[in-house]
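Residue numbers start from 1 in every chain, and the chains themselves are labelled A, B, ... in the order their sequence lines are given, proteins ahead of strands.
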Number of protein chains: 2
Amino acid sequence: MKAKFKQQLREAGLKVTGPRLEVFGFLQKHDLTTVSSVIRECAAGADRASVYRTLALFRKLGIIHDVVAGGKRMIELTDRFASHHHHLSCLECGRSETVSDQALESDLDRISKKNGFRQVSHQIDISGICARCQDRSPR
Amino acid sequence: MKAKFKQQLREAGLKVTGPRLEVFGFLQKHDLTTVSSVIRECAAGADRASVYRTLALFRKLGIIHDVVAGGKRMIELTDRFASHHHHLSCLECGRSETVSDQALESDLDRISKKNGFRQVSHQIDISGICARCQDRSPR
DNA sequence: AGACTAATTGCGACTTTTTTGCAAATACTT
DNA sequence: AAGTATTTGCAAAAAAGTCGCAATTAGTCT
């Protein structure tokens, strides 16, 4: 996966640099994360400004995308660098579970086609209370 | 709809004020919008700080929620004040179309149940190229 | 209608987040 | 190993969001 990443950069005439590897590595370890986490955790290997520039670049290259999970803005690797999935976000504990569902995917395709839309990507976030939190504070 | 809004405020012991009406009215007119648009367009009737406070309040009261459309962070009225729907966002022209689909909704219910999740809300964004933009710049 | 009171506003100062210019450093080519 | 275009870190600036507080206002009670 890291090889594919390097290849994509080189094919675009871009350099494989320390900050880019650092940020990419972090994103691989923490699939769903925030900009401020990346800044904080990559501080040793990448200046704040470089993190912003790197994230902007990754976005443009389709390496990451922005999503909302549990009402908060997050970033994560796109399907090319992580398996396609969606999120169930718990509003109480903040954790996000990952789901994949074929029927869901077909519906989204059908809807896109019906509207003459050429789909590039999609994202789904289900917010609610996870099983564990329901047990802990029953209602 | 505006009556229901006023009622909700009063029932919560909150006042119906100029800024709140102004912001609510703007949100009704521009379903999918951004914080900065609200600030800009409501400047006459609400100070920047009041807009932030008002939006925070609306969020807490479940009057608005944050969504991502076409990769950008937007806000819109929740289902109670606008009919439930999702978005097809064009990455080229930036416009968003609205869709409702029952099969999709059932999928989300099924997925939530399967994971023991008590669903509170969900959001979907399909990003791509709309029919019009495909015609204009064919590929 | 007028007075009372708690909620809300606008303002300005402030913090946080994001962007930008530029000289120095670095990755890649030859 | 040198050459070059890209990228980085830094510092400064712009943009976005927050907060305290005195003044104002909506709703209530007479």
Side-chain angles (χ1 to χ4, degrees), chain A residues 2-27 30 33-61 63-69 71-76, chain B residues 2-27 30 32-61 63-76:
Chain A
K2 186 159 284 183
K4 190 203 258 184
F5 166 68
K6 292 182 181 176
Q7 185 192 343
Q8 181 173 359
L9 286 179
R10 294 215 173 88
E11 279 173 2
L14 299 166
K15 293 180 177 178
V16 175
T17 66
R20 286 172 186 169
L21 286 168
E22 172 110 7
V23 171
F24 184 76
F26 180 78
L27 293 169
H30 308 268
T33 188
T34 62
V35 174
S36 56
S37 300
V38 179
I39 291 173
R40 182 166 17 86
E41 301 299 325
C42 296
D47 183 75
R48 200 171 69 257
S50 295
V51 170
Y52 280 113
R53 283 185 286 231
T54 298
L55 292 177
L57 176 70
F58 285 7
R59 247 174 234 123
K60 198 171 65 179
L61 295 176
I63 292 172
I64 63 169
H65 63 162
D66 297 340
V67 302
V68 163
K72 284 179 301 195
R73 184 192 217 186
M74 314 287 286
I75 55 180
E76 67 174 1
Chain B
K2 187 160 282 183
K4 190 203 259 183
F5 165 70
K6 291 181 181 177
Q7 186 191 344
Q8 181 173 0
L9 286 180
R10 294 216 173 90
E11 280 173 3
L14 300 165
K15 294 180 177 178
V16 174
T17 66
R20 286 171 185 169
L21 286 169
E22 173 110 8
V23 171
F24 183 76
F26 181 78
L27 293 169
H30 308 270
L32 197 60
T33 188
T34 62
V35 174
S36 57
S37 299
V38 179
I39 292 173
R40 183 167 13 87
E41 301 299 323
C42 296
D47 182 75
R48 193 172 76 262
S50 295
V51 171
Y52 281 114
R53 283 184 287 230
T54 299
L55 292 178
L57 177 70
F58 285 7
R59 247 174 234 122
K60 197 171 66 178
L61 294 177
I63 292 172
I64 63 169
H65 61 162
D66 297 338
V67 302
V68 163
K72 283 179 302 198
R73 183 192 215 191
M74 314 286 288
I75 56 180
E76 67 174 1

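Taking atom CG of residue L61(A) and atom C1' of nucleotide dT7(D), one finds them 14 Å apart after rounding to whole Å.
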Donor-acceptor pairs under 3.5 angstrom involving side-chain atoms of residues 45-52 of chain B: please list them, not counting sequence neighbours.
unit_1	atom_1	unit_2	atom_2	d
D47(B)	OD2	A49(B)	N	3.0

Sort me out a list of protein N/O and nucleotides 27-30 of chain D N/O pairs below 3.5 Å, or just none if empty.
unit_1	atom_1	unit_2	atom_2	d
dG27(D)	OP1	R10(B)	NE	3.0
dG27(D)	OP1	R10(B)	NH2	3.2
dG27(D)	OP1	V16(B)	N	3.3

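Here the closest heavy-atom approach between residue G71(A) and residue R73(B) is recorded as O-NH2, 4.3 Å. Contact detail for K2(A) and G25(A): the closest heavy-atom pair is NZ-CA, 4.5 Å.
By the ring pair (Phe, Tyr, Trp, His ring centres under 6.0 Å) test, F58(B) pairs with F5(B), sequence neighbours left out. Judged as a side-chain hydrogen bond (donor to acceptor under 3.5 Å, both in side chains), and not counting sequence neighbours, the contacts of T34(A) are S36(A), S37(A). Taking the side chain to side chain contact (heavy atoms under 4.5 Å, CB included) definition, one finds that E76(A) meets it with D31(A), L32(A), H65(A), V67(A), H85(A), H87(A), sequence neighbours left out. Residues passing the side-chain hydrogen bond (donor to acceptor under 3.5 Å, both in side chains) test with R59(A) are D66(A), sequence neighbours excluded.
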* Asked: Is there a side chain to side chain contact (heavy atoms under 4.5 Å, CB included) between L14(B) and L61(B) once you walk through the steps?
  -> CA-CA 11 Å; L14(B) 300 165; L61(B) 294 177; 4.0 Å; yes
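Where L57(A) and G18(B) each meet DNA chain D at their nearest nucleotide, the meeting point lying more 5' is that of L57(A).
Contact of the R20(B) side chain with the L57(B) side chain is registered, since non-hydrogen atoms from C-beta on lie closer than 4.5 Å. The shortest side-chain heavy-atom distance between I75(A) and V38(A) falls under the 4.5 Å cut-off.
For residues 40-54 of chain B, proximity to DNA chain D is found at R48(B), A49(B), Y52(B), R53(B), defined as any non-hydrogen atom under 4.0 angstrom from a strand atom.
Each end of the helix from dA1(C)-dT30(D) to dT30(C)-dA1(D) gets its own axis from five base pairs, and the two axes differ in direction by 40°, given to 10 degrees.
Chain A approaches DNA chain C within less than 4.0 angstrom (heavy atoms of the protein), and the contacting nucleotides run 5' to 3' from dT17(C) to dC28(C).
A side-chain hydrogen bond (donor to acceptor under 3.5 Å, both in side chains) check over residues 3-13 of chain B, counting only residues at least two apart or in different chains, returns the pairs Q7(B)-E11(B), Q8(B)-R80(B).
Between the OG1 atom in T33(A) and the CZ atom in F26(A) there is a gap of 4.0 Å [rounded to 0.5 Å]. The line from OG1 of T54(B) to CD1 of I64(B) is 9.5 Å long, rounded to the nearest 0.5 Å.
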